Peer 1: 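The structure follows.
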Amino acid sequence: MIYETIVTTCSPDGEAHIAPFGIQWHDGKVLIMPFKPSTTLQNVLQTGFAVLNLTDDVRVFAAAIAKKTAFATESVADGKGVRLKECLAHHVLTLEQVEDDGTRPKLWMRVLHSESHAPFMGFNRAQAAVIELAVLVSRLQRLPIDKITQEMQYLQIAIDKTAGPREQEAWQWLVDCVNNHLAQQSGMQQA
């Protein structure tokens, strides 16, 4: 089973990076499989740390994909990492094992510390739609654009029926990414 989360990492110089990640839990360990190349992969390999953030604010997922202003973070693990300041819970992770792969290495991580900050009230359908569109937009270069636009049309139903202001804002950021991608493709075809 894959859980949609936010992974925060830091470069050796302390520069924070926020990225949405589908992770897996296996016998108390966390498996992260970033595509090569990625900032998350580079940071984890260089520092040996990451923080798994659990949030119900889908704007964080959309902002990371749409390259919008990052959300506030705060230091954890004696300054070895950062967590989202407004997350529901976080887990500080340390790298235990790397299974290299040409496309997606497997990073096996052990939980050093966990903390809960607020209760999880559940997701509505619009939040799930935003997360699904964020996954699709993260794969704009890998998936046929027709598949993405078809999925968007279906997901729009949940947005129309159940979205609040946060979900609408996140949705629009991702729609703008798709529209910009379509405009770039159109411009390249006309050239």
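For clarity, every value in this text was computed on a predicted model and none was experimentally measured.
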Peer 1: Are any of the side-chain heavy atoms of F71 and E86 separated by less than 4.5 Å?
Peer 2: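 Side-chain contact under 4.5 Å: no.
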Peer 1: With side chains defined as the heavy atoms from C-beta onward, is the minimum distance between L84 and H117 less than 4.5 Å?
Peer 2: no
Peer 1: Strictly distance-based, threshold 3.5 Å: is any side-chain N or O of T9 a donor or acceptor partner for the main-chain N or O of V44?
Peer 2: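 It does not hold such a pair.
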Peer 1: Between D176 and Q172, do the side chains contain a donor N or O and an acceptor N or O under 3.5 Å apart?
Peer 2: yes
Peer 1: What is the distance from atom CE of M152 to atom CD1 of I159, rounded to the nearest 0.5 Å?
Peer 2: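 Between M152 CE and I159 CD1, I get 10.0 Å after rounding to 0.5 Å.
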Peer 1: How are the rings of H91 and W25 set relative to one another: parallel (under 30°), tilted (30 to 60°) or perpendicular (over 60°)?
Peer 2: perpendicular
Peer 1: Does a sphere of radius 6.0 Å around CD in E15 hold more than 12 heavy atoms from other residues, nucleotides or ligands, not counting ones at 6.0 Å or beyond?
Peer 2: no
Peer 1: Are R142 and F35 close enough, and set up right, to give a side-chain contact (heavy atoms from CB on, under 4.5 Å), and what steps lead you there?
Peer 2: CA-CA 12 Å; R142 293 183 177 94; F35 284 101; 3.5 Å; yes
Peer 1: Between atom CG of L174 and atom CD of E169, what is the distance when rounded to the nearest 0.5 Å?
Peer 2: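 Those atoms lie 11.0 Å apart.
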Peer 1: Should the heavy atoms of other residues, nucleotides or ligands under 6.0 Å from NZ of K106 be counted, would the total exceed 12?
Peer 2: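 Not more than 12 within 6.0 Å, no.
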Peer 1: With distance as the sole test, does Q127 use its side chain to make a donor-acceptor pair with the main-chain N or O of D56 at under 3.5 Å?
Peer 2: yes
Peer 1: So, the side chain of N53 versus the backbone of C87: is there a donor-acceptor pair under 3.5 Å, distance only?
Peer 2: no
Peer 1: Looking at N179, I want to see if its CG is surrounded by more than 12 non-hydrogen atoms of other residues, nucleotides or ligands under 6.0 Å.
Peer 2: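 Yes.
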Peer 1: Whether the side chain of R83 engages the backbone of K85 through a donor-acceptor N/O pair (distance < 3.5 Å, no angle test) should be reported.
Peer 2: yes
Peer 1: For the backbone of G164 and the side chain of E167, can you confirm whether one donor and one acceptor N or O come within less than 3.5 Å of each other?
Peer 2: yes
